[in-house]
*Asks:* 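Got a structure for you, written out below as C-alpha coordinates; questions coming shortly.
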Amino acid sequence: MNAAFTTGKELQKMDPVFGQLSFDDHEQIVFCNDKDTGLKAIIGIHNSVMGPALGGTRMYNYANEWEALNDVLRLSRGMTYKAAITGLNIGGGKAVIIGDAKTQKTPELMRKFGEFVHSLSGRYITAEDVGMETADMDIVRDVTPYVTGISESRGGSGNPSPVTAYGVYLGMKAAAKQQFGSDVLSGKKVLVQGIGHVGETLVDYLTKEGATVTISDINEDRLYEVGAKYNAEIFRGDDLYSADVDIYAPCAMGATLNDNTVYKIKAKVIAGAANNQLADENVHGAILQERGILYAPDFLINAGGIINVYAELAHYDKAEIMRKTENIYNTTLEIFDFAIANKMTTHNAALTIAQNRINQRKIENSKK
(Lines give C-alpha, C1' and ligand atoms only; values in the text may rest on other atoms or scores of the structure.)
Protein backbone atom coordinates (compact mmCIF):
# COMPACT_ATOMS: atom_id res chain seq x y z
CA MET A 1 0.00 0.00 0.00
CA ASN A 2 1.48 3.32 -1.03
CA ALA A 3 1.69 6.09 1.59
CA ALA A 4 -0.05 9.32 0.61
CA PHE A 5 1.94 12.48 1.20
CA THR A 6 0.34 15.93 1.31
CA THR A 7 2.38 18.77 -0.12
CA GLY A 8 2.85 22.10 1.63
CA LYS A 9 0.72 23.87 -0.96
CA GLU A 10 -2.09 21.36 -0.49
CA LEU A 11 -1.90 21.86 3.28
CA GLN A 12 -2.23 25.60 2.81
CA LYS A 13 -5.45 25.01 0.89
CA MET A 14 -6.78 22.60 3.51
CA ASP A 15 -5.86 24.64 6.59
CA PRO A 16 -5.02 28.12 5.31
CA VAL A 17 -4.97 29.75 8.77
CA PHE A 18 -4.86 27.43 11.79
CA GLY A 19 -2.63 24.90 10.03
CA GLN A 20 0.27 27.26 9.33
CA LEU A 21 3.48 27.39 11.35
CA SER A 22 3.20 31.18 11.27
CA PHE A 23 -0.24 30.97 12.94
CA ASP A 24 1.51 30.13 16.23
CA ASP A 25 -1.62 30.40 18.40
CA HIS A 26 -2.78 33.81 17.23
CA GLU A 27 -5.67 35.09 19.33
CA GLN A 28 -7.53 36.80 16.51
CA ILE A 29 -7.30 37.41 12.77
CA VAL A 30 -9.60 39.95 11.14
CA PHE A 31 -10.19 40.09 7.38
CA CYS A 32 -11.31 43.56 6.27
CA ASN A 33 -12.98 44.24 2.92
CA ASP A 34 -14.67 47.34 1.51
CA LYS A 35 -15.91 47.39 -2.06
CA ASP A 36 -16.25 51.18 -2.37
CA THR A 37 -12.66 52.05 -1.40
CA GLY A 38 -11.05 48.84 -2.65
CA LEU A 39 -9.70 48.08 0.83
CA LYS A 40 -8.49 44.54 1.39
CA ALA A 41 -6.71 44.24 4.72
CA ILE A 42 -5.82 41.66 7.35
CA ILE A 43 -5.28 42.46 11.03
CA GLY A 44 -3.42 39.91 13.15
CA ILE A 45 -3.54 39.94 16.95
CA HIS A 46 -0.98 37.42 18.14
CA ASN A 47 -0.87 37.86 21.90
CA SER A 48 -2.40 40.32 24.37
CA VAL A 49 -1.09 38.95 27.67
CA MET A 50 1.16 41.98 28.18
CA GLY A 51 -1.49 44.46 27.02
CA PRO A 52 -3.35 45.59 23.88
CA ALA A 53 -1.70 44.51 20.63
CA LEU A 54 0.38 47.29 19.05
CA GLY A 55 1.96 47.10 15.61
CA GLY A 56 2.19 48.97 12.34
CA THR A 57 0.20 48.69 9.14
CA ARG A 58 2.07 47.66 6.01
CA MET A 59 0.70 48.37 2.53
CA TYR A 60 2.29 46.14 -0.05
CA ASN A 61 1.39 44.73 -3.44
CA TYR A 62 1.48 41.06 -2.43
CA ALA A 63 1.57 38.42 -5.14
CA ASN A 64 -1.50 36.75 -3.61
CA GLU A 65 -3.67 36.70 -0.51
CA TRP A 66 -1.81 33.73 0.98
CA GLU A 67 1.42 35.74 0.90
CA ALA A 68 -0.32 38.65 2.66
CA LEU A 69 -1.78 36.37 5.34
CA ASN A 70 1.54 34.68 6.02
CA ASP A 71 3.25 38.08 6.27
CA VAL A 72 0.79 39.51 8.79
CA LEU A 73 1.02 36.34 10.88
CA ARG A 74 4.81 36.42 10.98
CA LEU A 75 4.92 40.16 11.62
CA SER A 76 2.35 40.19 14.44
CA ARG A 77 4.08 37.28 16.15
CA GLY A 78 7.35 39.20 15.94
CA MET A 79 5.71 42.21 17.58
CA THR A 80 4.76 40.11 20.62
CA TYR A 81 8.38 39.19 21.25
CA LYS A 82 9.69 42.62 20.30
CA ALA A 83 7.54 44.28 22.97
CA ALA A 84 8.33 41.63 25.58
CA ILE A 85 12.11 41.63 25.07
CA THR A 86 12.12 45.44 25.20
CA GLY A 87 10.18 45.54 28.46
CA LEU A 88 7.03 47.23 27.12
CA ASN A 89 3.60 46.42 28.52
CA ILE A 90 1.88 45.79 25.19
CA GLY A 91 0.99 42.77 23.12
CA GLY A 92 1.80 41.93 19.53
CA GLY A 93 -0.29 42.78 16.49
CA LYS A 94 0.14 43.90 12.90
CA ALA A 95 -1.93 44.76 9.85
CA VAL A 96 -1.36 44.50 6.11
CA ILE A 97 -3.25 46.25 3.33
CA ILE A 98 -3.04 44.52 -0.03
CA GLY A 99 -2.22 47.01 -2.79
CA ASP A 100 0.28 49.43 -4.27
CA ALA A 101 0.81 52.26 -1.78
CA LYS A 102 1.92 54.62 -4.55
CA THR A 103 -1.15 54.20 -6.76
CA GLN A 104 -3.96 52.68 -4.69
CA LYS A 105 -3.74 54.41 -1.32
CA THR A 106 -6.37 57.09 -0.83
CA PRO A 107 -7.65 59.08 2.18
CA GLU A 108 -10.96 57.23 1.86
CA LEU A 109 -9.21 53.85 1.99
CA MET A 110 -7.24 54.90 5.09
CA ARG A 111 -10.39 56.15 6.82
CA LYS A 112 -12.18 52.90 6.10
CA PHE A 113 -9.21 50.97 7.47
CA GLY A 114 -9.38 53.16 10.58
CA GLU A 115 -13.03 52.19 11.02
CA PHE A 116 -12.08 48.50 11.02
CA VAL A 117 -9.37 49.21 13.62
CA HIS A 118 -11.92 51.10 15.71
CA SER A 119 -14.34 48.17 15.59
CA LEU A 120 -11.85 46.15 17.65
CA SER A 121 -12.35 48.53 20.59
CA GLY A 122 -8.68 48.93 21.43
CA ARG A 123 -7.58 45.29 21.23
CA TYR A 124 -5.37 46.40 18.31
CA ILE A 125 -3.57 49.75 18.08
CA THR A 126 -2.02 50.58 14.73
CA ALA A 127 1.00 52.60 13.57
CA GLU A 128 2.96 53.09 10.36
CA ASP A 129 5.04 50.52 8.55
CA VAL A 130 6.21 49.92 4.97
CA GLY A 131 4.13 51.93 2.49
CA MET A 132 2.77 54.22 5.19
CA GLU A 133 3.55 57.78 6.28
CA THR A 134 2.77 59.83 9.38
CA ALA A 135 0.11 61.67 7.34
CA ASP A 136 -1.71 58.35 6.80
CA MET A 137 -1.80 57.75 10.56
CA ASP A 138 -3.29 61.24 10.99
CA ILE A 139 -6.15 60.24 8.67
CA VAL A 140 -6.72 57.05 10.67
CA ARG A 141 -6.74 59.18 13.83
CA ASP A 142 -9.71 61.11 12.43
CA VAL A 143 -11.88 58.01 12.92
CA THR A 144 -10.27 56.16 15.84
CA PRO A 145 -8.07 56.89 18.88
CA TYR A 146 -6.44 53.48 18.49
CA VAL A 147 -3.46 54.68 16.44
CA THR A 148 0.07 55.81 17.28
CA GLY A 149 2.81 57.53 15.29
CA ILE A 150 0.64 60.53 14.48
CA SER A 151 2.10 63.98 13.84
CA GLU A 152 3.78 65.77 16.71
CA SER A 153 1.50 68.74 15.95
CA ARG A 154 -1.42 66.48 16.93
CA GLY A 155 0.25 65.32 20.13
CA GLY A 156 1.91 62.25 18.64
CA SER A 157 5.48 61.01 18.55
CA GLY A 158 5.89 61.52 14.80
CA ASN A 159 7.82 59.33 12.39
CA PRO A 160 9.35 56.37 14.30
CA SER A 161 11.95 55.59 11.62
CA PRO A 162 14.84 57.67 13.04
CA VAL A 163 14.49 55.98 16.44
CA THR A 164 14.31 52.55 14.79
CA ALA A 165 17.54 53.30 12.93
CA TYR A 166 19.25 54.45 16.13
CA GLY A 167 18.36 51.18 17.87
CA VAL A 168 19.65 49.14 14.92
CA TYR A 169 22.88 51.15 14.97
CA LEU A 170 23.36 50.45 18.69
CA GLY A 171 22.52 46.76 18.25
CA MET A 172 25.08 46.60 15.45
CA LYS A 173 27.70 48.19 17.70
CA ALA A 174 26.94 45.62 20.41
CA ALA A 175 27.31 42.80 17.88
CA ALA A 176 30.61 44.26 16.68
CA LYS A 177 31.86 44.36 20.28
CA GLN A 178 30.93 40.71 20.74
CA GLN A 179 32.36 39.51 17.42
CA PHE A 180 35.35 41.80 16.85
CA GLY A 181 36.22 42.83 20.42
CA SER A 182 35.34 46.50 19.87
CA ASP A 183 32.14 48.38 19.13
CA VAL A 184 33.99 50.92 17.01
CA LEU A 185 32.64 50.72 13.47
CA SER A 186 35.17 53.06 11.89
CA GLY A 187 36.86 51.19 9.04
CA LYS A 188 34.36 48.34 9.10
CA LYS A 189 32.77 47.40 5.76
CA VAL A 190 28.97 47.47 6.09
CA LEU A 191 26.44 46.51 3.44
CA VAL A 192 23.01 48.10 3.96
CA GLN A 193 20.27 46.39 1.93
CA GLY A 194 17.23 48.64 1.62
CA ILE A 195 17.52 52.39 2.06
CA GLY A 196 14.05 53.51 2.98
CA HIS A 197 13.48 55.83 5.94
CA VAL A 198 15.26 53.53 8.40
CA GLY A 199 18.00 52.36 6.05
CA GLU A 200 19.01 55.90 5.07
CA THR A 201 19.21 57.04 8.69
CA LEU A 202 21.35 53.99 9.49
CA VAL A 203 23.65 54.92 6.60
CA ASP A 204 23.94 58.39 8.13
CA TYR A 205 25.01 57.00 11.53
CA LEU A 206 27.50 54.60 9.96
CA THR A 207 29.01 57.24 7.67
CA LYS A 208 29.49 59.67 10.55
CA GLU A 209 31.36 56.99 12.51
CA GLY A 210 33.69 56.32 9.59
CA ALA A 211 32.42 52.96 8.38
CA THR A 212 32.84 52.02 4.71
CA VAL A 213 29.21 51.79 3.59
CA THR A 214 27.87 49.97 0.54
CA ILE A 215 24.17 50.29 -0.28
CA SER A 216 21.65 48.26 -2.27
CA ASP A 217 18.01 48.92 -3.14
CA ILE A 218 15.51 47.92 -5.83
CA ASN A 219 14.75 51.62 -6.43
CA GLU A 220 17.65 52.86 -8.59
CA ASP A 221 16.76 56.55 -8.32
CA ARG A 222 16.74 56.28 -4.54
CA LEU A 223 19.99 54.34 -4.65
CA TYR A 224 21.87 57.03 -6.54
CA GLU A 225 20.31 59.81 -4.48
CA VAL A 226 21.35 58.29 -1.14
CA GLY A 227 24.72 57.20 -2.54
CA ALA A 228 25.56 60.74 -3.58
CA LYS A 229 24.26 62.25 -0.31
CA TYR A 230 26.47 60.11 1.94
CA ASN A 231 29.23 59.24 -0.51
CA ALA A 232 28.28 55.59 -0.11
CA GLU A 233 29.36 52.93 -2.55
CA ILE A 234 26.59 51.37 -4.64
CA PHE A 235 26.63 47.58 -4.81
CA ARG A 236 27.15 46.50 -8.41
CA GLY A 237 28.00 42.82 -8.04
CA ASP A 238 25.97 39.82 -9.12
CA ASP A 239 25.41 38.34 -5.67
CA LEU A 240 24.68 40.64 -2.76
CA TYR A 241 24.99 37.91 -0.14
CA SER A 242 28.53 36.86 -1.02
CA ALA A 243 29.82 40.44 -0.83
CA ASP A 244 33.13 40.84 0.96
CA VAL A 245 31.94 42.86 3.97
CA ASP A 246 32.25 42.69 7.75
CA ILE A 247 28.59 43.44 8.52
CA TYR A 248 25.42 42.74 6.56
CA ALA A 249 22.45 44.95 7.47
CA PRO A 250 19.16 43.75 5.91
CA CYS A 251 16.76 46.71 6.06
CA ALA A 252 14.19 45.80 3.40
CA MET A 253 11.71 42.90 3.40
CA GLY A 254 12.16 39.79 5.52
CA ALA A 255 13.39 36.22 4.91
CA THR A 256 16.62 37.24 3.15
CA LEU A 257 18.42 34.62 5.27
CA ASN A 258 17.18 31.48 3.56
CA ASP A 259 18.31 28.26 1.87
CA ASN A 260 19.63 30.19 -1.13
CA THR A 261 21.68 32.76 0.81
CA VAL A 262 22.71 31.49 4.20
CA TYR A 263 25.81 29.61 2.99
CA LYS A 264 26.96 32.47 0.75
CA ILE A 265 27.28 35.15 3.41
CA LYS A 266 30.84 36.28 4.11
CA ALA A 267 29.94 38.92 6.70
CA LYS A 268 30.74 37.98 10.29
CA VAL A 269 27.89 40.04 11.76
CA ILE A 270 24.26 40.34 10.64
CA ALA A 271 22.43 43.29 12.16
CA GLY A 272 19.61 45.05 10.35
CA ALA A 273 16.16 46.61 10.62
CA ALA A 274 14.12 44.14 8.53
CA ASN A 275 11.55 42.01 10.36
CA ASN A 276 11.69 38.20 10.21
CA GLN A 277 15.10 38.02 8.56
CA LEU A 278 15.40 34.26 9.14
CA ALA A 279 13.17 32.40 6.68
CA ASP A 280 13.25 29.45 9.10
CA GLU A 281 14.19 30.54 12.62
CA ASN A 282 15.57 27.21 13.76
CA VAL A 283 17.26 25.99 10.58
CA HIS A 284 18.87 29.21 9.36
CA GLY A 285 19.70 30.52 12.82
CA ALA A 286 21.62 27.30 13.53
CA ILE A 287 23.47 27.44 10.19
CA LEU A 288 24.65 30.99 10.87
CA GLN A 289 25.87 29.95 14.31
CA GLU A 290 27.71 26.93 12.89
CA ARG A 291 29.41 29.18 10.35
CA GLY A 292 30.58 31.58 13.07
CA ILE A 293 28.32 34.42 11.93
CA LEU A 294 26.83 36.48 14.76
CA TYR A 295 23.15 37.29 14.27
CA ALA A 296 21.68 40.20 16.21
CA PRO A 297 18.00 39.25 16.71
CA ASP A 298 15.94 41.54 14.47
CA PHE A 299 12.96 41.92 16.80
CA LEU A 300 15.28 43.25 19.50
CA ILE A 301 17.49 45.71 17.65
CA ASN A 302 14.70 47.15 15.48
CA ALA A 303 12.50 47.88 18.51
CA GLY A 304 13.24 51.63 18.54
CA GLY A 305 10.13 52.32 16.48
CA ILE A 306 7.77 50.59 18.88
CA ILE A 307 9.49 52.29 21.82
CA ASN A 308 8.84 55.59 20.07
CA VAL A 309 5.14 55.04 19.40
CA TYR A 310 4.53 53.37 22.78
CA ALA A 311 5.43 56.72 24.34
CA GLU A 312 2.04 57.98 23.16
CA LEU A 313 0.33 55.30 25.29
CA ALA A 314 2.65 55.37 28.30
CA HIS A 315 3.04 59.18 28.23
CA TYR A 316 6.82 59.41 28.47
CA ASP A 317 8.96 62.07 26.81
CA LYS A 318 11.64 62.10 24.10
CA ALA A 319 14.45 61.72 26.64
CA GLU A 320 12.86 58.50 27.95
CA ILE A 321 12.36 57.25 24.38
CA MET A 322 16.07 57.64 23.74
CA ARG A 323 17.02 56.10 27.09
CA LYS A 324 14.93 53.00 26.38
CA THR A 325 16.34 52.77 22.85
CA GLU A 326 19.92 53.11 24.07
CA ASN A 327 19.31 50.14 26.37
CA ILE A 328 19.06 47.95 23.23
CA TYR A 329 22.89 47.93 23.29
CA ASN A 330 23.00 46.35 26.76
CA THR A 331 20.14 43.93 26.11
CA THR A 332 21.83 42.72 22.91
CA LEU A 333 25.03 41.90 24.81
CA GLU A 334 22.99 40.14 27.52
CA ILE A 335 21.31 37.97 24.89
CA PHE A 336 24.66 37.01 23.37
CA ASP A 337 25.86 35.92 26.83
CA PHE A 338 22.61 34.03 27.48
CA ALA A 339 22.94 32.22 24.13
CA ILE A 340 26.49 31.10 24.92
CA ALA A 341 25.63 30.02 28.48
CA ASN A 342 22.62 28.02 27.32
CA LYS A 343 24.17 26.68 24.10
CA MET A 344 21.46 28.07 21.83
CA THR A 345 21.23 30.44 18.89
CA THR A 346 20.98 34.16 19.58
CA HIS A 347 17.50 34.21 18.05
CA ASN A 348 16.26 31.44 20.34
CA ALA A 349 17.93 33.12 23.32
CA ALA A 350 15.98 36.31 22.65
CA LEU A 351 12.74 34.34 22.14
CA THR A 352 13.27 32.47 25.41
CA ILE A 353 13.81 35.63 27.44
CA ALA A 354 10.77 37.29 25.85
CA GLN A 355 8.57 34.22 26.39
CA ASN A 356 9.65 33.98 30.03
CA ARG A 357 8.40 37.53 30.60
CA ILE A 358 5.08 36.75 28.92
CA ASN A 359 4.68 33.57 31.00
CA GLN A 360 5.38 35.49 34.20
CA ARG A 361 2.76 38.10 33.31
CA LYS A 362 0.24 35.36 32.51
CA ILE A 363 0.73 33.97 36.05
CA GLU A 364 0.32 37.45 37.54
CA ASN A 365 -2.84 38.08 35.50
CA SER A 366 -4.39 34.80 36.69
CA LYS A 367 -4.01 35.87 40.33
CA LYS A 368 -5.93 39.13 39.87
*Asks:* Do T126 and Y146 have side chains that approach each other closer than 4.5 Å (heavy atoms only, starting at C-beta)?
*Replies:*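 Answer no - side chains too far apart.
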
*Asks:* Are K112 and D36 close enough for a salt bridge, meaning some N to O gap below 4.0 Å?
*Replies:*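 Answer for the salt bridge query: no.
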
*Asks:* Can you find a heavy atom in the side chain of Y124 that is under 4.5 Å from one in the side chain of V30?
*Replies:*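 Of all side-chain heavy-atom pairs linking V30 with Y124, none is under 4.5 Å.
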
*Asks:* For residues L278 and I85: do they belong to one hydrophobic cluster (side chain heavy atoms under 4.5 Å, members Ile, Leu, Val, Met, Phe, Trp, Tyr)?
*Replies:*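 No, it is not one cluster - the side chains of L278 and I85 are not joined through contacts under 4.5 Å.
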
*Asks:* Inspect the surroundings of NZ in K362 and state if more than 12 heavy atoms from other residues, nucleotides or ligands are less than 6.0 Å away.
*Replies:*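 For K362, atom NZ is not crowded (no more than 12 foreign heavy atoms under 6.0 Å).
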
*Asks:* Got a sec: does the CD of E67 have more than 12 other heavy atoms crowding it under 6.0 Å?
*Replies:*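 Result for CD/E67: enclosed.
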
*Asks:* Any chance the side chains of H347 and N282 put a donor and an acceptor closer than 3.5 Å?
*Replies:*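 No pair is found: no donor N or O on one side chain lies under 3.5 Å from an acceptor on the other.
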
*Asks:* Using a cut-off of 6.0 Å, state whether more than 12 heavy atoms not belonging to Y263 lie near its atom OH.
*Replies:*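 Not buried by this count: 12 neighbours or fewer within 6.0 Å.
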
*Asks:* Kindly give the heavy-atom pair with the smallest separation between N275 and K94, and that separation in Å.
*Replies:*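 Heavy-atom minimum between the residues: ND2-NZ, 4.3 Å.
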
*Asks:* Before accepting this row, confirm whether a basic side-chain N of the pair K229/E200 lies closer than 4.0 Å to the acidic partner's carboxylate O.
*Replies:*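 Salt bridge present between K229 and E200.
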
*Asks:* Atom CG of N47 and atom CD of E27: how far apart are they, to the nearest 0.5 Å?
*Replies:*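 If we round to the nearest 0.5 Å, N47:CG and E27:CD are 5.0 Å apart.
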
*Asks:* Check this for me, if you would: do D142 and R154 make a salt bridge, where the nitrogen-to-carboxylate-oxygen distance has to be below 4.0 angstrom?
*Replies:*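 Between R154 and D142 there is a salt bridge, with a charged N closer than 4.0 Å to a carboxylate O.
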
*Asks:* Roughly how far, to the nearest 0.5 Å, is the CD1 atom of I321 from the CZ atom of R323?
*Replies:*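 It comes to 11.5 Å.
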
*Asks:* Evaluate the side-chain proximity of L185 to V190: yes if any heavy-atom separation is below 4.5 Å, no if none is.
*Replies:*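 No, side chains not in contact.
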
*Asks:* By salt bridge (charged side-chain N to carboxylate O under 4.0 Å, His left out), which residues pair with E133, not counting sequence neighbours?
*Replies:*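 With neighbours one apart ignored, the set is empty.
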
*Asks:* Considering only heavy atoms from C-beta outward, does the side chain of I358 approach that of M50 to under 4.5 Å?
*Replies:*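 Heavy-atom side-chain distance check passes, below 4.5 Å.
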
*Asks:* Report yes or no: does Q179 contribute a side-chain atom to a donor-acceptor pair with the main-chain N or O of K268 at less than 3.5 Å?
*Replies:*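 A pair under 3.5 Å: yes.
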
*Asks:* Do L73 and I29 pass the side-chain contact (heavy atoms from CB on, under 4.5 Å) test, and can you show the C-alpha distance, the side-chain angles, and the key distance before you say yes or no?
*Replies:* CA-CA 9 Å; L73 291 174; I29 300 167; 3.5 Å; yes

*Asks:* Is R291 close to I265 at the side-chain level, that is, under 4.5 Å between some pair of heavy atoms?
*Replies:*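 The answer is yes, as the side chains (C-beta and beyond) meet within the 4.5 Å cut-off.
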
*Asks:* What's the verdict on side-chain contact (heavy atoms from CB on, under 4.5 Å) for N308 and T164, showing C-alpha distance, side-chain angles and the deciding distance?
*Replies:* CA-CA 8 Å; N308 188 75; T164 303; over 6 Å; no

*Asks:* With no hydrogens and no angle check, is any side-chain donor or acceptor of N365 less than 3.5 Å from a backbone partner on V49?
*Replies:*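 Here the side-chain-to-backbone pair exists.
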
*Asks:* Between S76 and H46, is there a side-chain donor-acceptor contact under 3.5 Å, judged purely by atom types and distance?
*Replies:*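 Distance-only check fails for H46 and S76.
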
*Asks:* Is there a side-chain contact between E128 and N159 in this structure, where contact means two heavy atoms from C-beta onward sitting under 4.5 Å apart?
*Replies:*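 The answer is yes; the side chains approach within 4.5 Å.
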
*Asks:* Membership question, hydrophobic clusters at under 4.5 Å side-chain separation (ILVMFWY): are I353 and M79 in the same one?
*Replies:*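 In one cluster: yes.
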
*Asks:* Quick one: do V72 and L120 end up in the same hydrophobic cluster if we chain Ile, Leu, Val, Met, Phe, Trp and Tyr together by side-chain heavy atoms under 4.5 Å apart?
*Replies:*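 Different clusters.
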
*Asks:* Between Q360 and N356, is any side-chain donor less than 3.5 angstrom from a side-chain acceptor?
*Replies:*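 No, no side-chain donor-acceptor pair sits under 3.5 Å.
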
*Asks:* Would you say the side-chain atoms of S157 and E312 include a donor-acceptor pair closer than 3.5 Å?
*Replies:*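 Checked: S157/E312 side chains pair up, N/O donor to acceptor below 3.5 Å.
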
*Asks:* Please determine if E364 and K367 form a salt bridge, counting it only when a charged side-chain N lies under 4.0 Å from a carboxylate O.
*Replies:*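 Looking at K367 together with E364, the answer is no, because their closest N to O distance does not fall below 4.0 Å.
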
*Asks:* Any link between M132 and Y310 through a network of hydrophobic side chains (Ile, Leu, Val, Met, Phe, Trp, Tyr) touching at under 4.5 Å?
*Replies:*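 Yes.
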
*Asks:* Identify every side-chain donor-acceptor pair in residues 165-175 under 3.5 Å, counting partners at least two apart or on other chains, and give the distances.
*Replies:*
from : atom 1 : to   : atom 2 : distance (Å)
Y166 : OH     : E326 : OE2    : 3.2
Y169 : OH     : E209 : OE1    : 2.3
K173 : NZ     : D183 : O      : 3.0
K173 : NZ     : E209 : OE1    : 3.1
K173 : NZ     : E209 : OE2    : 3.0

*Asks:* Kindly indicate, with the supporting measurements, whether the criterion side-chain contact (heavy atoms from CB on, under 4.5 Å) is fulfilled by V226 and R222.
*Replies:* CA-CA 6 Å; V226 173; R222 177 99 179 124; 3.9 Å; yes

*Asks:* Going hydrophobic residue to hydrophobic residue with side-chain gaps under 4.5 angstrom, can you get from Y205 over to L300?
*Replies:*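 Yes, it is one cluster - the side chains of Y205 and L300 are joined through contacts under 4.5 Å.
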
*Asks:* Are S161 and T201 side-chain neighbours, meaning at least one heavy-atom pair lies under 4.5 Å?
*Replies:*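 They are not in contact (no side-chain heavy atoms under 4.5 Å apart), so the answer is no.
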
*Asks:* At their closest point, which heavy atom of G114 faces which heavy atom of T144, and how far apart are they?
*Replies:*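 Looking at all heavy atoms of both residues, the shortest contact is O-CG2, 3.6 Å.
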
*Asks:* To the nearest 0.5 Å, what is the distance between CD1 on I215 and CG on L202?
*Replies:*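 Separation between the atoms: 11.5 Å.
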
*Asks:* Looking only at heavy atoms, which two atoms of F180 and D246 are closest? And how far apart?
*Replies:*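 Of all heavy-atom pairs spanning F180 and D246, the closest is CZ-O, 3.9 Å.
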
*Asks:* Considering residues at least two apart in sequence or located in another chain, which fulfil the side-chain contact (heavy atoms from CB on, under 4.5 Å) criterion with D298?
*Replies:*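 side-chain contact (heavy atoms from CB on, under 4.5 Å) list for D298, sorted by chain: Q277, Y295, N302.
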
*Asks:* With no hydrogens and no angle check, do the side chains of R77 and N276 hold a donor and an acceptor under 3.5 Å apart?
*Replies:*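 Side-chain D/A pair, R77 to N276: absent.
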
*Asks:* Working to the nearest 0.5 Å, report the span between CG of L351 and OG1 of T346.
*Replies:*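 Separation between the atoms: 10.0 Å.
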
*Asks:* Does I139 have any side-chain contact (heavy atoms from CB on, under 4.5 Å) partners at least two apart in sequence or in another chain, and if so, which?
*Replies:*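 For I139 the side-chain contact (heavy atoms from CB on, under 4.5 Å) partners, ignoring immediate neighbours, are P107, M110, R111.
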
*Asks:* Any idea which heavy atoms bring I90 and L54 closest together, and the distance?
*Replies:*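 The pair with the smallest heavy-atom distance is CD1-CD2, 3.4 Å.
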
*Asks:* Provide the closest heavy-atom pair for G122 versus P52 in the form atom of the first, atom of the second, distance.
*Replies:*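 Heavy atoms only, the tightest pair is O-CB, 3.3 Å.
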
*Asks:* For side-chain contact (heavy atoms from CB on, under 4.5 Å), just list the numbers for M137 and R141, CA-CA rounded to whole Å, side-chain angles, deciding distance to a tenth of an Å, and then say yes or no.
*Replies:* CA-CA 6 Å; M137 296 305 103; R141 182 65 182 82; over 6 Å; no

*Asks:* Do the side chains of L109 and Q104 get nearer than 4.5 Å, heavy atoms only?
*Replies:*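 No; the side chains remain at least 4.5 Å from each other.
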
*Asks:* Pick out which of I293, L257, V262 makes a side chain to side chain contact (heavy atoms under 4.5 Å, CB included) with I287.
*Replies:*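 The single option meeting the side chain to side chain contact (heavy atoms under 4.5 Å, CB included) with I287 is V262.
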
*Asks:* Enter the distance from I45:CD1 to H26:NE2 here, rounded to the nearest 0.5 Å.
*Replies:*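 Interatomic distance, I45 CD1 to H26 NE2, rounded to 0.5 Å: 9.0 Å.
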
*Asks:* Can you run down the salt bridge (charged side-chain N to carboxylate O under 4.0 Å, His left out) pairs that involve residues 330-355, sequence neighbours left out, and say none if there aren't any?
*Replies:*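 Those involving residues 330-355 do not exist here.
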
*Asks:* Which residues satisfy the side-chain contact (heavy atoms from CB on, under 4.5 Å) test with T256, sequence neighbours excluded?
*Replies:*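 side-chain contact (heavy atoms from CB on, under 4.5 Å) list for T256, sorted by chain: Q193, Y241, Y248, P250.
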
*Asks:* Shortest non-hydrogen contact from N348 to T345?
*Replies:*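 Taking every non-hydrogen atom into account, N-OG1, 3.1 Å.
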
*Asks:* Does any N or O in the side chain of S119 come within less than 3.5 Å of the main-chain N or O of F116, such that one atom is a donor and the other an acceptor?
*Replies:*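 Present.
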
*Asks:* For the atom pair OG1 (T86) and OH (Y81), what is the distance rounded to the nearest 0.5 Å?
*Replies:*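 Here the rounded value is 14.0 Å.
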
*Asks:* Y62 ring centre to K40 NZ or CZ under 6.0 Å, with the angle to the axis within 45°?
*Replies:*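 Output no; distance or angle outside limits.
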
*Asks:* Should the heavy atoms of other residues, nucleotides or ligands under 6.0 Å from OH of Y316 be counted, would the total exceed 12?
*Replies:*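 More than 12 heavy atoms, drawn from other residues, nucleotides or ligands, come within 6.0 Å of this atom.
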
